[in-house]
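Report on one structure; see the data block that follows.
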Protein chains: 2
Amino acid sequence: MRTKTQTTKQADLTRDKLLEAAFNEIHRYGFQAASLSSILANTGLTKGALYHHFPAKHDLGLAVVDEVIEQILAETIFIPLRDSPHPIKTLQDILRKKRGKPDIVELGCPLNNLMQEMSPLDEQFRHRLNALMQRWQDTLADALRRAQKQGQVRKEINCSMAALFIISAWEGCVGIAKNMQSAKTYQQCFDQLIEYVSSLAN
Amino acid sequence: MRTKTQTTKQADLTRDKLLEAAFNEIHRYGFQAASLSSILANTGLTKGALYHHFPAKHDLGLAVVDEVIEQILAETIFIPLRDSPHPIKTLQDILRKKRGKPDIVELGCPLNNLMQEMSPLDEQFRHRLNALMQRWQDTLADALRRAQKQGQVRKEINCSMAALFIISAWEGCVGIAKNMQSAKTYQQCFDQLIEYVSSLAN
DNA sequence: ACACATCCATACCGACCGGTATGTAATGGC
DNA sequence: GCCATTACATACCGGTCGGTATGGATGTGT
């Protein structure tokens, strides 16, 4: 998605339509199995439009990562965590909010899906996905450290390692629940994660 | 893999070769992107052999789950956990053993890879993969309960929920490390998991 | 030793894939 | 109002995919 403040020309709108449709297709079928024809059918556009905005399918996929997925993470996780004066509470709020939206169970986490599929196969995908993961971990670790200074997290906790584990368990929960296609499992697993976060305080 | 005790005829050997090559191909590229031509090239066999033993690619994939992946899990996890008189120690041994083999970082967990890719798309895959996951959770939960009776696990712990979370975090760790392509991250994350397991005792 | 099922190789097929070449309509600067 | 550039549509291409039809080699029971 482009920056929404600038004057949205028609061309940018079509580009956004392509990105959104590509995101949905990739989210469901993965990047490799994503069909350009299906994406175009869902947008009402044609190959002329697609290859005008993107030189190849590969670049379309990278753009989905850089723009669509990045924005989702920034909005729901990065920004709230970074701006919060009460990091632990904010983290728990985020987790509870995610817990309350089990619609993610059907198709899983878009970021994790792409990581699992593409990281061993494509350097450029891996690089971009890894950068997002690193941002996630750094943001979360920093939030934990701030909470630590406030006395909300035990001093012996290694915040970087804890952040890494939280994200891993997070993605793990979503993945397992997605396999089971069970919102109940999703919430049970997420409750354990929330409990783990609480155990960091003590 | 067939039961190895029975007289391995030539036909069974070719079937096993197909299964092994299919397993490797699927492990690297996923099921959908797995190329039958590549599999056959790696075995030196032809389509005649493949479609004699398996009616379709779909069935080949299911056989990989039912036979190859099932056996890996049974050997390294299910059987050791089930037969152990000291479940917690055995679990920690298993985790440490997995920690010591970071080669899984390159391609990730075959079971989890397939779950993430196929569970939303194919009922039969999902059903089989889910059954393996359920066996895993049940086996682990039962081990934790036995440890609980021995006083090795706190009584207020819900063993089913703990098992679910351990497996989720487990798969999560492998997945994150696979994206980072970092054995160090893998081991750091796994250390956190091992620590969590220890925290169940206390 | 003969009949027959098993086992596997070869050749081939239609479908769909990502990608391209080319034409045309809309847009924006002057 | 003219023109060049942008923004798309249409038609088409080679390649790879999973799958099939057929024939020959290899056991296997009797």
Side-chain angles (χ1 to χ4, degrees), chain A residues 1-2 6-65 67 114 117-118 121-122 124-125, chain B residues 1-2 6-65 67 114 117-118 121-122 124-125:
Chain A
M1 309 285 180
R2 285 287 173 81
Q6 75 185 29
T7 58
T8 51
K9 306 169 188 172
Q10 183 62 35
D12 290 336
L13 291 181
T14 34
R15 206 186 108 102
D16 286 348
K17 282 212 300 182
L18 286 170
L19 279 178
E20 187 189 344
F23 169 78
N24 290 328
E25 175 85 3
I26 292 173
H27 192 194
R28 177 171 295 271
Y29 299 104
F31 173 75
Q32 301 180 97
S35 162
L36 297 183
S37 305
S38 297
I39 294 174
L40 294 172
N42 288 335
T43 56
L45 298 168
T46 64
K47 293 209 169 172
L50 208 174
Y51 281 90
H52 172 73
H53 288 282
F54 305 95
K57 182 190 181 185
H58 190 254
D59 302 86
L60 175 64
L62 296 180
V64 166
V65 175
E67 308 183 35
L114 273 177
E117 180 191 5
M118 297 305 294
L121 300 180
D122 188 284
Q124 306 188 47
F125 267 97
Chain B
M1 309 284 180
R2 285 285 175 80
Q6 74 183 30
T7 58
T8 51
K9 305 168 189 173
Q10 183 62 35
D12 289 336
L13 291 180
T14 26
R15 206 186 108 102
D16 285 347
K17 282 213 297 181
L18 287 169
L19 279 178
E20 187 189 344
F23 170 77
N24 290 329
E25 175 85 2
I26 292 173
H27 191 193
R28 177 171 295 270
Y29 299 104
F31 173 74
Q32 300 179 98
S35 162
L36 297 183
S37 306
S38 296
I39 294 174
L40 295 172
N42 288 335
T43 56
L45 298 168
T46 63
K47 294 210 168 171
L50 208 174
Y51 281 90
H52 172 72
H53 288 283
F54 304 96
K57 181 190 181 185
H58 191 254
D59 302 88
L60 175 63
L62 296 179
V64 166
V65 176
E67 307 183 35
L114 272 177
E117 180 190 4
M118 297 305 294
L121 300 180
D122 187 285
Q124 305 187 47
F125 267 96

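Chain naming here is simple, since letters A, B, ... match the order of the sequence lines and numbering starts at 1 in each. Remember, it's a predicted structure, so these values are computed and weren't measured experimentally. All values below come from the heavy atoms of this structure, side chains included, with hydrogens, waters and symmetry mates left out.
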Taking atom types as modelled, is there a side-chain donor on B:Glu117 or B:Gln32 under 3.5 Å from an acceptor on the other? yes
Are the side chains of [X] and [Y] in touch, meaning some heavy atoms are under 4.5 Å apart?
| X | Y | answer |
| --- | --- | --- |
| A:His27 | A:Leu114 | no |
| B:Leu50 | B:Phe54 | yes |
| A:Asn42 | A:Ile39 | no |
| A:Arg28 | B:Leu121 | yes |
| B:Lys17 | B:Leu13 | no |

Starting from [atom2] on [N], measure out to [atom1] on [X] and report it in whole angstrom.
| X | N | atom1 | atom2 | answer |
| --- | --- | --- | --- | --- |
| A:Tyr51 | D:dC13 | OH | P | 17 Å |
| A:Leu40 | D:dC8 | CG | C1' | 12 Å |
| B:Lys57 | D:dG19 | NZ | P | 8 Å |
| B:Asp12 | D:dG27 | CG | C1' | 14 Å |
| A:Leu18 | D:dA7 | CG | P | 13 Å |
| B:Glu25 | D:dG18 | CD | C1' | 14 Å |
| B:Lys47 | D:dG23 | NZ | C1' | 18 Å |

Mind checking if B:Leu50 touches a base, just sugar-phosphate, or nothing, with heavy atoms under 4.0 Å? nothing
By the 4.0 Å heavy-atom rule, please label A:Ala33 as base, sugar-phosphate, or nothing. nothing
Would the distance check show the side chain of A:Lys47 and the main-chain N or O of A:Leu36 forming a donor-acceptor pair, the cut-off being under 3.5 Å? no
Using heavy-atom distances to pick each residue's nearest nucleotide on DNA chain C, tell me which of A:Ser38 and A:Pro55 is more 5'. A:Ser38
Taking only side-chain N and O atoms of B:Ser37, does any of them lie within less than 4.0 angstrom of OP1 or OP2 on D:dC17? yes
Considering only heavy atoms of chain A and a distance under 4.0 Å, specify the first and last nucleotide of DNA chain C in 5' to 3' order that meet this criterion. C:dC17 to C:dT20
